[in-house]
Student: 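There's a structure below that I have some questions on.
In what follows, chains carry the letters A, B, and so on, assigned in the order in which the sequence lines appear, proteins first and then strands, with residues in each chain numbered from 1. This is a predicted model, so every value here is computed, not measured.
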Number of protein chains: 2
Amino acid sequence: MGIARRDEVGQRSETVRRANLSAIVRELHLSGPLTRSELVAHTGLTRSAIRGLIGELVSADIVSEEKAEPLGLPGRPSPVVKPNPTATAVLALDILVDSSAAALVGLGGVVMEQVRVDRPRGHFGVDEVIAELAELADTVRKRRPDTDPLIGVGVAVVGMVRRADGFVSMAPNLGWRDVALAERLAEVLGTTAPISIANEADLGALAELRRGVSVSAGDVLFISGEVGVGGGLIVGGEALTGSSGYGGEIGHMPINPAGLSCRCGSVGCWETEVGEEALLRRAGRPPGGGRQAVDDLLRDAAAGMPVALLALEEEGQWLGRGLAGLVNVFNPRQIVLGGLIGRIYPFVAELLERELDRLALPGSRDLVRIVPASLGVDAALLGAAELAFEPLLNDPGAWIGPRRAAALLGAGA
Amino acid sequence: MGIARRDEVGQRSETVRRANLSAIVRELHLSGPLTRSELVAHTGLTRSAIRGLIGELVSADIVSEEKAEPLGLPGRPSPVVKPNPTATAVLALDILVDSSAAALVGLGGVVMEQVRVDRPRGHFGVDEVIAELAELADTVRKRRPDTDPLIGVGVAVVGMVRRADGFVSMAPNLGWRDVALAERLAEVLGTTAPISIANEADLGALAELRRGVSVSAGDVLFISGEVGVGGGLIVGGEALTGSSGYGGEIGHMPINPAGLSCRCGSVGCWETEVGEEALLRRAGRPPGGGRQAVDDLLRDAAAGMPVALLALEEEGQWLGRGLAGLVNVFNPRQIVLGGLIGRIYPFVAELLERELDRLALPGSRDLVRIVPASLGVDAALLGAAELAFEPLLNDPGAWIGPRRAAALLGAGA
DNA sequence: GCCCGATTGTAAGAGTCTGCAACAAACATT
DNA sequence: AATGTTTGTTGCAGACTCTTACAATCGGGC
C-alpha cells in the first residue's frame, strides 16, 4: 500500500518456512479440516515437510490432529488436521446503518458467538456507538472466556476508513467526521490484540470472496447498496484499498450532470440515482422509510403495481449504466450485488443483462456474470473477522514462540 | 489474473535463491549500475550471498563487473555491477494512432536502436500494419546483430488486448476487430522469443512507473488521451489488467446521459466529452484535424483567443468531473496526464485542482497530485520493453542454464 | 485367519541456501 | 610508512526442505 518499498527485498531461508506455514494455515482456514495427505497434495510439499510444520502448529495450539475414521479405502489412514478455533479466535465488530454487531470467530471461519442489536437510523455520537460496541463485545467474550487471548480485532464501518491507523474520515450515515476509531476502541475493549478497521463494503467483498459466492474468483466487483452505495473491489484475488484505504467509493462516480446534489457535495453521483432514496422517490414514497419501506415497495411490485414496477425499471437502467462503466474500467469476472441492490436484483436481472449488452465493451462484457450476494446482513461482520485473521494467515510463525508464552502467562494470572 | 490458484503454494529453498536473483536483477534494471556494496544495502542480503549470486549472473552474461574508479573515499573500492544490454535485449514495438515504432532495449532500460514511422490516421488492414512492423523490427535488428538472441518481444497497441494470448478484441482507431496479433507477429518476426502484448495506455503507465514521473509511486492513474481516452492503472505497484486484460477503459465510463453517442455503441462516454473531437467541436473547428489542429488551438488559446479559451475551460470541467469519480473509486496518489490531455494540462491545471476540491471526497482528494506525463510519444514503446523484460526480472534463473546453451548454439551455427 | 498391495506416517542423511566471523585487499589520511 | 576504513573472500554453522528407506495401518483375496 502506498509507496512501493524496494528495500529489504532479500529473502532468507527462514522465509521459506514462514511461507510454508502460512500456506498450510491459509489452506485450512479456507477449506476447513483436511487430512495430512490432502495438505501434501494441495501445497506440493513433501510428507516430511508437512510433518514438521504441522507438528509446530500443533504444539502452538493453532491446529489439532485427530485420528481419521476409516473411509473404506486401502492404505494407511491419514490423520485429520483441523483448526483450533478457541486458540485462534478473533473479535469481529460491525457498525452498519441501522445495527451493530459483535462476533467471536475462530480459524476456519467458525462463528462461535454472535450478537446484533438494531439501532434507529440517524446520527449518533461517537461515544454512544463505542459504548454499545464495548457492551456487545463484552457479552460475547463472557460467553466464551476460553477464547482469550484474542488473535486480533476486526471492525467494519459504514464510512471511509484510512486503513493504516483505523481513522474514519467520514461516515455520513452516522454523522461522523474525523474519528480516530481504532484508538477509541483500544481504550474500551480491554485487549492488546491489534485492531484493524475497514469499510463495510470492502469487508463484504472480502467475506463473499472467502466464504460466499466469490470463492475462487479473482476479480470481483462487490456492490453494497443501502442508504448510500458502497463498493468493494477484488483485483487479482486481493482487495483494492487505494493509497490510503479510501478506495472503492463507487457510489460517488459522477453519472448524471443534470442530477441531484449529493451528500458528498458533488452533483449527480451514482448513489443519487440508485440509492434507497432514489428508489422511493421514483415510486412516489417518502424518503427515509428504511428497509421496511423498500420491502413494501418490492411487495407491491411483485403484486404488479405499475408505479412500483416503473420505479424499479428506472432504477435498473441507472444501475446498468453505472455497472457498464465499472465493467469497462475493471474488467471483473463477477459482479456481486448486496444489500438493497441485492434485494431488488430479481426484479431487474434481465434488464441489467440487456443494459450491459448495450453499453459495455464486448471484450469485458462477455465474461462477466452478475450474481446476488449470499451472506446477507452479516457479510461485513464476517469480513471483519477475515481482516483480523490476516496477520495470523500471513505469518503463523509469529504466534508460535511468543504466543505460547502469552498463553501461559494468561493461565497463570 | 483470472482464477486464483491455491495450488502449488509450497516454497522450497530454491525459491529463495530465485527471489534473491530476481531482486538483484530488478534493482539493477531500475536503478542502473550499482556497486556490490550498494546492492548489499539495497537488498539487505549479506556480502557473501551477493557474491555468489552476482557470480552466477556474470557467468550467464546477464551482468558484468568492472573495477571501480577510486572515488576519493577511504576503504576498498567496490566493483560496479552493470547490466549487460546486448545479452539481455528485448524488441519493443508499438502501434499508435498515427505512427508505429520499433526499438531494441537492453536491461537497465538502455535504448540501443529506435525507428518510428508516421502513418496517416484512419483504418488500416492488419496485414499492412504487420508488414510495417516486421520491416521496422528488421531494420533495428540488422543494425545490432549482437543483440541476438532476444529475451522477449513486447508490443503496445491502441486497442483492447487480451493479455493471455495477445488477442486484440477491438481497435477502433485502426478499424480492427478480433485479431490474433501475437500469432500473426510470431509468424513474421522470425524469433522464438515470447511475445507479450498489451494496451498502449497500460504500457504508458508502466513506462512512467519505471522510467518516468511515477517512479516510487504505488497507486497511479495514468490517462492517455488521443482520439479516444485510455487509462492505465497502477494498484499497489502493479498494473491493473482485469480478469482478461481488458481493464482500464476509463474513456468509456458513462458520464453524461444526455451526451453524444460513442463509437463503442454507448451514449455519453467520458471520451465523447474530453477526447480530441470534443475539444475541436467546442472550439468550432472541424473534427479529424489531428495533432496539428490541437496544437493550433492551443496556440490560439495562448494568444488569448476567447473561443479557444472557452473550449479549454469546458474541456477542463468535464475532465475534472471524470477525474473526481476516478479518484473516489481508486484513491490514487498520483494522476498522470499523457497525450492530448497532457498537452492541454498547462491551460487547465488550476481549474482541475478546483474541480477536484469541489467534487472529490476529502479523504481521497487530499493526497492526490496531478502531474503531466514525462515520456512523450515513446511512453508506450518503453512500456512495451518493460513488459518484455518482466519474465527475466521475475526469474533470472531461467536464463542461466538454458540461456547459455542457446547462446552457444547460436554461435556455433 | 493369513498374506498381499496400497497408502501414508516416521526417521535419518544429503543438498541447498544464507548468515556469521575472521582474514585479506585496496584505498585515504597523517 | 603506519593506521584506520571499507569491502571482497573464505570457511563454517544453521535452517530448511527433499530423498530414500522403513514401519504402520487399512482393504481385499485366498
Side-chain angles (χ1 to χ4, degrees), chain A residues 8-25 33-59 63-82 395-398 400-401, chain B residues 8-24 33-59 63-82 395-397 400-401:
Chain A
E8 307 286 313
V9 285
Q11 309 284 308
R12 41 203 73 196
S13 50
E14 176 202 331
T15 313
V16 175
R17 188 180 189 74
R18 186 182 325 183
N20 287 342
L21 277 173
S22 167
I24 291 177
V25 174
L34 294 171
T35 64
R36 276 207 201 178
S37 61
E38 284 169 328
L39 280 172
V40 168
H42 282 72
T43 60
L45 295 171
T46 59
R47 292 200 293 263
S48 25
I50 291 284
R51 171 184 147 75
L53 297 168
I54 296 279
E56 203 152 354
L57 292 173
V58 167
S59 78
V63 305
S64 59
E65 272 191 309
E66 283 179 16
K67 247 194 176 146
E69 310 280 314
L71 292 171
L73 293 168
R76 176 173 176 174
S78 192
V80 176
V81 184
K82 53 169 65 171
D395 185 12
I400 285 180
Chain B
E8 308 283 316
V9 285
Q11 308 284 310
R12 42 203 73 195
S13 52
E14 174 202 333
T15 313
V16 175
R17 189 180 188 73
R18 187 183 323 185
N20 287 342
L21 277 174
S22 168
I24 293 177
L34 294 171
T35 65
R36 275 205 202 179
S37 62
E38 284 169 329
L39 280 172
V40 168
H42 283 73
T43 59
L45 295 172
T46 59
R47 294 201 290 263
S48 26
I50 292 284
R51 170 185 147 76
L53 297 168
I54 297 280
E56 202 151 357
L57 291 173
V58 167
S59 78
V63 305
S64 57
E65 271 190 311
E66 284 180 16
K67 243 190 179 151
E69 309 280 313
L71 293 171
L73 293 169
R76 176 173 174 173
S78 191
V80 177
V81 184
K82 54 169 65 172
D395 185 12
I400 285 181

Student: Any non-hydrogen side-chain atom of R17(B) less than 4.5 Å from a side-chain atom of L53(B)?
Tutor: yes

Student: Measuring from the side chain of R36(B) (C-beta onward, heavy atoms only), which nucleotide among dT8(C), dT10(C), dG8(D) has the closest atom?
Tutor: dG8(D)

Student: Within the structure, does a side-chain N or O atom of R51(A) lie under 4.0 Å from either OP1 or OP2 of dT8(C)?
Tutor: no

Student: Of the options dT17(D), dG9(C), dC27(C), whose atoms approach the side-chain atoms of P77(B) most closely?
Tutor: dC27(C)

Student: Counting only side-chain heavy atoms from C-beta out, which of dC18(D), dT18(C), dA26(C) sits nearest to V16(B)?
Tutor: dT18(C)

Student: Counting C-beta onward and ignoring hydrogens, is there a side-chain heavy-atom pair between I24(A) and V63(A) closer than 4.5 Å?
Tutor: no

Student: Taking the side chain as C-beta and beyond, is there a heavy-atom pair between I400(B) and L21(B) under 4.5 Å?
Tutor: yes

Student: What I'd like to find out is whether the side chain of N20(A) reaches to under 4.5 Å of the side chain of T43(A), using heavy atoms alone.
Tutor: no

Student: Under 4.0 Å, heavy atoms only, any strand: does S48(B) hit a base, just the sugar-phosphate, or nothing?
Tutor: base

Student: What's the CD-P distance between E56(A) and dT17(D), to the nearest Å?
Tutor: 9 Å

Student: Specify the separation, in whole Å, of atom CD1 of I54(B) and atom P of dT9(D).
Tutor: 11 Å

Student: With sugar-phosphate meaning primed atoms plus P, OP1 and OP2, does R17(B) contact a base, only sugar-phosphate, or nothing at under 4.0 Å between heavy atoms?
Tutor: sugar-phosphate

Student: Toward the 5' end of DNA chain D, which comes first, L21(A) or T35(B), by nearest nucleotide?
Tutor: T35(B)

Student: Can you find a side chain N or O atom of T46(A) that sits less than 4.0 Å from OP1 or OP2 on dC18(D)?
Tutor: yes

Student: Could you check which of dT8(C), dG19(C), dG8(D) has an atom nearest any side-chain atom of S37(B)?
Tutor: dG8(D)

Student: Within the structure shown, what part of the strands sits under 4.0 Å from R47(B) by heavy-atom distance: base, sugar-phosphate, or nothing?
Tutor: base

Student: Using whole Å, what does the distance between atom P of nucleotide dC17(C) and atom CG of L45(B) come to?
Tutor: 14 Å

Student: With heavy-atom distances below 4.5 Å as the criterion, would you say the side chains of V81(B) and L57(B) are in contact?
Tutor: no

Student: Starting at atom CD1 of I50(A), determine the distance to atom C1' of dC16(D), rounded to an integer number of angstrom.
Tutor: 14 Å

Student: Could you tell me whether the phosphate oxygens of dC16(D), OP1 or OP2, come under 4.0 Å of any side-chain nitrogen or oxygen in N20(A)?
Tutor: no

